[in-house]
Amino acid sequence: MKIDHLRRAGNKLRLLDQTRLPGELIYKELDDYRDIIESIKRLEVRGAPAIGIAAAYAVAVAAHQTDRLEPEYLVEVASEIKAARPTAVNLAWAVDRVMHSLREVDVMDVEKTRLSLWNEAEAIHEEDRQMCAAIGRHGAELIQDGWSILTHCNAGALATGGIGTALGVIYTARDQGKNLRVFADETRPLLQGARLTTWELQQEGIEVTLLCDSMAAMLMAQGKVDCVIVGADRVASNGDAANKIGTYSVAVLAREHNIPFYVAAPMSTWDMAIESGEQIPIEERGADEITSGFGKRTAPEGTKVYSPAFDVTPIRLITAHITDEGVKAGGRAG
Ligand code: MRU
């Protein structure tokens with residue numbers, strides 16, 4: 001995997017600004033946790049596992065921004081970071097985990113506190129690498145040589161600390177010698193499919209064809225899609241899965257055309273505290289991302305806009321969940 005988009009750099013977080021892809025490779029080194037929050041909000045770093053990792057590093061970065069590490073300071077920092085984006089459960093999960101790592105540390109010992117935060121953030125990052133690899137291994141068993149796979153948004157290396165979830169399955173199957181083609185939905189309105197998935201697959205030498213979101217039905221009707229694999233931002237305990245807006249319609253189409261629909265996500269994306277997708281908070285984004293995305297006005301001034309960033313695919317439309325712990329059957333018959 002050639003992509004190195006997120007890592008610790010001394011006491012800073014180094015990240016690839018994904019809003020500038022595919023045109024420019026701009027790396028940022030952030031030494032203020034508030035800048036990391038802004039990067040998460042602006043989707044400079046995005047994808048559920050990646051924002052969890054960035055959030056964990058943000059707590060460690062914040063620990064260098066004051067000489068006196070009062071517990072109240074870290075608690076306040078943690079709650080600000082957790083509020084950056086609501087849907088991906090990985091974000092709050094990772095922040096809670098680094099905070100929990102301090103339970104046996106004397107918080108009056110500033111150096112030990114900082115070290116513990118960095119160690120836990122790096123452990124989360126490393127575990128995500130391993131979870132991606134495990135998802136890849138389990139998922140690759142479902143993929144046959146010669147298949148064409150449709151994906152939505154970007155659930156690749158750029159969205160995780162490893163090889164990705166949905167794309168990780170594809171990389172692993174490719175490494176096993178399977179010849180695969182990918183169809184990437186462009187993923188309106190922020191074009192993660194067009195800007196990121198195509199770029200990432202090109203880096204990895206995998207054949208990719210870009211299509212507008214509305215073209216998936218036609219492609220499926222023509223018999224050109226063998227399976228769909230997407231990532232998830234939060235999976236409820238019953239298996240309902242929130243992912244990038246538009247995923248639900250792809251799942252409905254896949255069922256109509258009898259095409260397997262797989263959701264690939266690590267167990268850190270599962271929220272066992274909620275029963276169903278109805279309880280998943282859905283982020284709403286600003287109108288300008290739809291009316292004047294990428295600097296070009298495409299709707300009249302003052303147009304009313306509805307912009308949920310994610311939707312929920314009910315378990316009944318999911319053939320199987322591919323997790324780091326194995327493949328779990330979904331609720332779709334056939
Ligand atoms: O708004 P984004 O770009 O953060 O949305 C990302 C997605 O919806 C991904 O599919 C999801 O986080 C899975 S990433 C492995």
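For this chain, numbers begin at 1 and follow the sequence in order. Predicted, not measured: the structure shown is a model, and the values here were computed from it.
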Any heavy-atom pair between the side chains of Asn90 and Ile51 that's under 4.5 Å?
no
Validation row: Asp17, Arg20 side chains within 4.5 angstrom (heavy atoms):
yes
From the options Val182, Ile149, Thr198, select the one residue that forms a side-chain contact (heavy atoms from CB on, under 4.5 Å) with Ile206.
Val182
What's the separation between atom CD1 in Ile245 and atom OH in Tyr306, rounded to the nearest 0.5 Å?
6.5 Å
Are the side chains of Arg46 and Leu158 in touch, meaning some heavy atoms are under 4.5 Å apart?
yes
May I ask you to test the Asp311-Ile282 pair for a side-chain heavy-atom distance under 4.5 Å?
no
Hey, does the side chain of Ser292 reach the backbone of Arg297 with a donor-acceptor pair shorter than 3.5 angstrom?
no
Identify whether Val59 and Leu30 are in the same connected component of the hydrophobic contact network (ILVMFWY, side-chain heavy atoms under 4.5 Å).
yes
Quick check: do Ile229 and Thr165 have side-chain heavy atoms less than 4.5 Å from each other?
no
What class does the angle between the rings of Tyr57 and His125 fall in, given that below 30° is parallel, 30 to 60° is tilted and above 60° is perpendicular?
perpendicular
Taking the basic N atoms (NZ, or NE/NH1/NH2) and the acidic carboxylate oxygens, is any pair closer than 4.0 Å for Glu127 and Arg129?
no
Using only atom types and a distance under 3.5 Å, with no angle test, would you say the side chain of Ser39 pairs donor to acceptor with the backbone of Asp35?
yes
Let me see the working for Gln18 and Gln192 under side-chain contact (heavy atoms from CB on, under 4.5 Å), right down to the final yes or no.
CA-CA 9 Å; Gln18 298 188 29; Gln192 287 92 333; over 6 Å; no
Taking everything shown except Arg103 itself, do over 12 heavy atoms lie less than 6.0 Å from its CZ?
yes
CG on Asp233 to CZ on Arg85, rounded to 0.5 Å:
7.0 Å
Among residues at least two apart in sequence or on other chains, which ones pass side-chain contact (heavy atoms from CB on, under 4.5 Å) with Trp270?
Val235, Met267, Met272, His321, Thr323, Lys328
Grab the two heavy atoms, one from Tyr33 and one from Ala58, that are nearest each other, plus how far apart they are.
CB-O, 3.4 Å
Sidechain-backbone polar pair: His152 side chain, Val250 backbone, donor-acceptor under 3.5 Å:
no
Roughly how far, to the nearest 0.5 Å, is the CD atom of Glu80 from the CD1 atom of Ile36?
12.0 Å
Between the side chains of Asp213 and Arg188, is the shortest nitrogen-to-carboxylate-oxygen separation below 4.0 Å, so that they form an ion pair?
no
Give a yes or no on whether the backbone of Asp109 and the side-chain of Thr113 come within a donor-acceptor separation of less than 3.5 Å.
yes
Show, in sequence, the C-alpha distance, side-chain angles and deciding distance for Gln130 and Asp324, and conclude whether the side chain to side chain donor-acceptor pair (under 3.5 Å) test is met.
CA-CA 8 Å; Gln130 289 169 17; Asp324 49 302; over 6 Å; no
Hydrophobic cluster membership, with links at side-chain heavy-atom distances under 4.5 Å among I/L/V/M/F/W/Y: are Leu210 and Val208 in one?
no
Would you say Gln65 has more than 12 foreign heavy atoms packed within less than 6.0 Å of its CD?
yes
Give a yes or no answer on whether the side chain of Arg174 reaches the backbone of Glu204 with a donor-acceptor pair at less than 3.5 Å.
yes
Cation-pi, Phe183 ring and Lys224 (6.0 angstrom, 45 degrees):
no
NZ or CZ of Arg8 within 45° of Trp118 ring axis and under 6.0 Å
yes
Check whether any side-chain N or O of Asp145 sits under 3.5 Å from a backbone N or O of Asn179 as a donor-acceptor pair, and report yes or no.
yes
Among side-chain atoms of Ser101 and Glu120, is any donor-acceptor pair under 3.5 angstrom?
no
Could you state the interatomic distance from OG (Ser116) to CD (Glu111), rounded to the nearest 0.5 Å?
12.5 Å
State, yes or no, whether a side-chain contact exists between Met131 and Ser268 at a heavy-atom distance under 4.5 Å.
yes
What's the spacing between Thr291 OG1 and Glu301 CD if we round to 0.5 Å?
8.0 Å
From CA spacing to verdict: side-chain contact (heavy atoms from CB on, under 4.5 Å), Met220, Glu256
CA-CA 9 Å; Met220 290 183 184; Glu256 170 67 18; over 6 Å; no
Please assess Glu284 against Ser307 for the test side-chain contact (heavy atoms from CB on, under 4.5 Å), listing each intermediate value before the final yes or no.
CA-CA 5 Å; Glu284 285 199 32; Ser307 183; 5.9 Å; no
Side chain to side chain donor-acceptor pair (under 3.5 Å) evaluation trace for Glu200 with Tyr171:
CA-CA 11 Å; Glu200 182 176 327; Tyr171 297 139; 2.7 Å; yes
Can you get from Trp93 to Leu74 by hopping between Ile, Leu, Val, Met, Phe, Trp and Tyr side chains that sit under 4.5 Å apart?
yes
Can you confirm whether Glu278 is buried at CD, in the sense that more than 12 heavy atoms of other residues, nucleotides or ligands lie under 6.0 Å from that atom?
no
Nearest-0.5 Å distance, OG of residue Ser276 to CG of residue Asn238:
5.5 Å
Test log, rule side-chain contact (heavy atoms from CB on, under 4.5 Å), inputs Leu142 and Ile322
CA-CA 10 Å; Leu142 303 167; Ile322 306 168; 3.8 Å; yes
State, yes or no, whether a side-chain contact exists between Lys244 and Phe310 at a heavy-atom distance under 4.5 Å.
yes
Do Leu25 and Leu16 come close enough that some side-chain heavy atom pair is under 4.5 Å?
yes
